[in-house]
Amino acid sequence: GAGVSQSPSNKVTEKGKDVELRCDPISGHTALYWYRQSLGQGLEFLIYFQGNSAPDKSGLPSDRFSAERTGGSVSTLTIQRTQQEDSAVYLCASSVRVSGNTEAFFGQGTRLTVV
Amino acid sequence: GNSVTQMEGPVTLSEEAFLTINCTYTATGYPSLFWYVQYPGEGLQLLLKATKADDKGSNKGFEATYRKETTSFHLEKGSVQVSDSAVYFCALIPTSGTYKYIFGTGTRLKVLA
């Protein structure tokens with residue numbers, strides 16, 4: 001596709017359920033990033049991928065959060081046993097390569113609401 | 001560690017007013033610096049960037065100069081329009097170590113007609 005695509009765009013889930021968020025990066029982009037944006041807050045880094053490996057996953061808040069990337073393309077962020085504090089907009093971005101001066105292209109995000 | 005500090009908003013201006021949104025950073029080495037903008041209902045998009053000291057990034061009438069001596073990257077526009085109303089994020093990416101973008105908290109700009 002022309003841009004970074006995220007699905008679903010909105011997700012309402014009950015506390016304690018597991019959720020999967022999907023990101024389709026721009027074709028050919030080797031770097032993929034996940035961020036979280038809570039109401040009134042900045043962007044909180046979660047994890048980034050270079051190809052299928054994750055050199056930095058230091059931002060994952062707890063072991064309930066995990067992410068994978070397959071085929072150097074699609075990535076899935078999984079949150080197990082969701083809690084209300086997980087409610088946020090989850091943003092995915094991709095860039096041509098991992099480097100110090102390349103532009104990241106963002107998707108529209110998935111708005112997660114845990115009730 | 002690496003961090004970005006932005007002025008808090010919201011910033012409310014009248015159309016054609018001069019805009020400055022302050023951004024300072026802490027980083028080792030020479031990071032690349034970015035301004036991203038998030039218009040209502042849309043995703044983040046790159047506004048401008050600068051990759052080395054004294055570089056000036058510019059786009060859509062906005063400018064920002066990479067100041068190593070003051071570790072700053074302030075965003076300016078000479079005459080804002082209602083359509084500039086958005087949230088603006090300052091960001092950096094290190095040039096070594098872990099290549100993750102580090103964002104400020106964002107500054108909401110509202111321009112009144």
Side-chain angles (χ1 to χ4, degrees), chain A residues 1-7 9-10 21 23-26 29-51 53-60 67 88-111, chain B residues 1-10 21 23-25 27-53 55 57 59 64 66 73 86-108:
Chain A
V4 177
S5 176
Q6 292 188 245
S7 60
S9 54
N10 279 285
L21 311 180
C23 173
D24 278 283
I26 294 172
H29 281 195
T30 61
L32 186 148
Y33 302 82
W34 284 100
Y35 285 84
R36 179 167 72 174
Q37 186 176 23
S38 302
L39 188 62
Q41 302 296 312
L43 277 73
E44 176 188 4
F45 169 78
L46 298 178
I47 184 171
Y48 87 84
F49 291 89
Q50 181 173 359
S53 63
D56 189 341
K57 44 189 168 183
S58 62
L60 295 177
V89 176
Y90 289 81
L91 297 172
C92 177
S94 69
S95 64
V96 172
R97 60 188 176 278
V98 172
S99 79
N101 63 8
T102 52
E103 173 185 357
F105 294 82
F106 280 81
Q108 298 275 58
T110 293
R111 182 176 298 278
Chain B
N2 300 313
S3 65
V4 175
T5 302
Q6 284 182 244
M7 63 185 289
E8 290 195 17
I21 300 179
C23 171
T24 57
Y25 67 90
T28 53
Y30 295 85
S32 292
L33 302 174
F34 304 82
W35 277 100
Y36 277 82
V37 58
Q38 187 173 33
Y39 297 104
E42 298 185 16
L44 271 81
Q45 54 188 274
L46 178 69
L47 181 60
L48 54 84
K49 71 176 184 181
T51 57
K52 62 182 187 295
D55 265 3
N59 186 25
Y66 189 142
F73 193 54
V87 181
Y88 292 82
F89 292 90
C90 185
L92 69 80
I93 188 167
T95 51
S96 62
T98 179
Y99 293 104
K100 63 187 182 189
Y101 296 84
I102 297 165
F103 287 85
T105 52
T107 302
R108 182 175 299 278

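Below, all heavy atoms of this structure are taken into account, side chains as well, without hydrogens, waters or symmetry copies. Owing to the predicted nature of the structure, the values given are computational and were not obtained by experimental measurement. Letters A, B, ... are given to chains in the order of the sequence lines, protein chains preceding strands, and every chain is numbered from 1.
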field: Contact origin within A:I47 toward chain B - heavy atom pairs under 4.5 Å
entry: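 A:I47 has no heavy atom closer than 4.5 Å to chain B.
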query: Could you state the interatomic distance from CG (B:L46) to OG (A:S95), rounded to the nearest 0.5 Å?
result: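 OG of A:S95 is found 11.5 Å from CG of B:L46.
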- request: To the nearest 0.5 Å, tell me how far B:T105 OG1 sits from A:L43 CG.
  value: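 Spacing of OG1 (B:T105) from CG (A:L43) equals 10.5 Å.
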message: Going by salt bridge (Lys or Arg N to Asp or Glu O under 4.0 Å), name the pairs with one or both residues in residues 90-105 of chain B, residues two or more places apart or in two chains.
response: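 Found A:D56-B:K100.
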- request: Pick one of side chain, backbone, both or neither for B:Y30, based on which atoms fall under 4.5 Å of a heavy atom in chain A.
  value: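 For B:Y30, no heavy atom lies under 4.5 Å from chain A.
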field: Heavy-atom contact with chain A under 4.5 Å, split by part of B:Q6
entry: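 Neither; nothing under 4.5 Å.
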message: I want to know whether B:Y101 and A:Y35 have ring centres closer than 6.0 Å.
response: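 Between A:Y35 and B:Y101, which both carry aromatic rings, the centre distance is not below 6.0 Å.
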query: Between the side chain of B:Y99 and the main-chain N/O of A:Y48, is any donor-acceptor distance below 3.5 Å?
result: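 A pair under 3.5 Å: no.
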- prompt: Would one find more than 12 heavy atoms of other residues, nucleotides or ligands at under 6.0 Å from atom CD of B:E8?
  reply: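 At most 12 heavy atoms, drawn from other residues, nucleotides or ligands, come within 6.0 Å of this atom.
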query: How about A:Q37 and B:F89: do any of their side-chain heavy atoms sit closer than 4.5 Å?
result: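 With C-beta onward as the side chain, the pair touches.
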field: Residue pair B:L44 / A:F106: nearest heavy atoms and the distance that separates them
entry: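 That closest heavy-atom pairing would be O-CB, 3.6 Å.
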query: Closest approach of B:I93 and A:Y33, non-hydrogen atoms and distance?
result: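 Heavy atoms of B:I93 and A:Y33 come nearest at CD1-OH, 4.3 Å.
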